[in-house]
Amino acid sequence: MTVYGYARTSTVEQVAGLADQIEKLKDAGCSDQSIYREQISSVKMEDRVEFVKVLAGLKVGDVLVFSSLSRAARSMLHMIEIEARVAGAGATIRILDLAIDTATPSGRLTFNLFASIAQFERENMLERQKVGIAAAKKRGAYTGRAPTAQAKGARVHSLHGKGLTKQEIADACSIGIASVYRILRAQARS
């Protein structure tokens, strides 16, 4: 069994915050070698290289420790996804500032209570959104979401003509790679 820690700050300027997290992780039983650290503002999993590494290395009985929920996930729903992945490896999670340890019955209960509340809030938000959209449609004020990727079609074609890869085009246009394929495919059909 290994106790891993994960520490993250959004910017390089937050060195003190990273040091504080590392100190808390060490106090929780993590060795310096088992603490994964990174300074990145993105919370997208694929951008967080060190986080992906620690998740991939988890084995049965291991523990993954975070100083706070905000260092691991952008929301409780996101944390639920992470916990499912950790549990799938046979490991558990400790969130220090919430005093949650999924290896204990009371920790599981607390985690599940937070998860239930997060799910309840999300469902309520979606219901309020539906009611608001219906009211706006009735008034004739709702036109739907403006297409974002399709609006960048000319730029996608221009960059493709210059020989950029599809990933480079997606990055340059701040759209998903699937949108690049869709835009280029639509042009090929016409």
Side-chain angles (χ1 to χ4, degrees), residues 1-129 167-168 170-172 174-179:
M1 175 193 97
T2 304
V3 180
Y4 292 101
Y6 178 74
R8 180 183 66 82
T9 60
S10 299
T11 64
V12 175
E13 289 80 34
Q14 296 175 326
V15 174
L18 192 62
D20 183 50
Q21 288 178 59
I22 291 169
E23 192 62 37
K24 288 177 182 176
L25 294 172
K26 286 181 180 178
D27 290 345
C30 301
S31 70
D32 196 47
Q33 297 78 21
S34 68
I35 297 174
Y36 289 74
R37 347 161 140 72
E38 55 195 340
Q39 294 175 319
I40 185 167
S41 62
S42 174
V43 291
K44 290 194 296 190
M45 293 287 279
E46 59 272 10
D47 292 345
R48 295 164 54 191
V49 176
E50 294 300 308
F51 193 53
V52 171
K53 281 183 194 174
V54 72
L55 289 176
L58 292 173
K59 298 175 293 314
V60 173
D62 287 346
V63 179
L64 180 55
V65 184
F66 306 100
S67 63
S68 71
L69 175 67
S70 66
R71 299 302 86 201
R74 65 183 174 274
S75 67
M76 194 61 198
L77 288 173
H78 186 215
M79 190 65 219
I80 293 165
E81 294 170 11
I82 293 168
E83 193 279 334
R85 199 163 161 187
V86 170
T92 59
I93 288 179
R94 252 189 256 154
I95 305 171
L96 301 177
D97 70 341
L98 297 175
I100 292 176
D101 183 347
T102 62
T104 68
S106 61
R108 279 253 19 105
L109 174 64
T110 304
F111 184 84
N112 288 330
L113 284 172
F114 278 122
S116 295
I117 292 167
Q119 183 63 33
F120 173 75
E121 284 297 317
R122 174 137 178 82
E123 289 171 6
N124 276 340
M125 183 272 305
L126 291 173
E127 185 60 33
R128 289 189 304 269
Q129 183 180 42
Q167 186 61 58
E168 290 168 337
D171 293 343
S174 298
I175 60 175
I177 194 163
S179 295

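These values consider heavy atoms only, across backbone and side chains, with no hydrogens, waters or symmetry-generated copies. The model shown is predicted, which means the values in this text are computed figures rather than measured ones.
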- Item | Inter-residue atom distance Arg85.CZ - Leu55.CG, 0.5 Å rounding | 5.0 Å
- Message: Nearest 0.5 angstrom please: Asp32 CG to Ile22 CD1, how far?
- Response: 7.0 Å
- Does any non-hydrogen side-chain atom of Phe114 lie less than 4.5 Å from one of Leu69? no
- Query: Quick one: side-chain contact (heavy atoms from CB on, under 4.5 Å) partners of Gln33, sequence neighbours excluded?
  - Reply: Ser31
- Note on the structure: Residues at least two apart in sequence or cross-chain that pass salt bridge (charged side-chain N to carboxylate O under 4.0 Å, His left out) with Glu81, listed by chain then number, are none
- Can you list every pair that meets salt bridge (charged side-chain N to carboxylate O under 4.0 Å, His left out) and has a residue in residues 58-68, with sequence neighbours left out? Lys59-Asp62
- Could you tell me which residues satisfy side-chain contact (heavy atoms from CB on, under 4.5 Å) with Arg108, sequence neighbours excluded, listed by chain and number? Glu83, Thr102, Asn112
If you look only at distance, which donor and acceptor atoms sit under 3.5 Å apart when one is on a side chain in residues 87-100 and the other is two or more places apart or in another chain?
| residue | atom | partner | partner atom | Å |
| --- | --- | --- | --- | --- |
| Arg94 | NH1 | Ala28 | O | 3.1 |

- From the list Arg37, Gln21, Arg48, side-chain contact (heavy atoms from CB on, under 4.5 Å) with Tyr6 holds only for Arg48
- Query: Any donor-acceptor pair under 3.5 Å linking the side chain of Arg8 with the backbone of Ser70?
  - Reply: yes
- Item | Residues Glu50, Lys53: salt bridge by 4.0 Å N-O rule | yes
- Name all residues meeting the side-chain contact (heavy atoms from CB on, under 4.5 Å) criterion together with Leu109; count only those two or more places apart in sequence or in a different chain, and write none if there are none. Leu113
- Has the side chain of Arg71 got a donor or acceptor atom that lies under 3.5 Å from a matching backbone atom of Ala7? no
- Message: Testing the basics here: between Gly29 and Val3, what is the closest heavy-atom pair and its distance to 0.1 Å?
- Response: O-CB, 3.8 Å
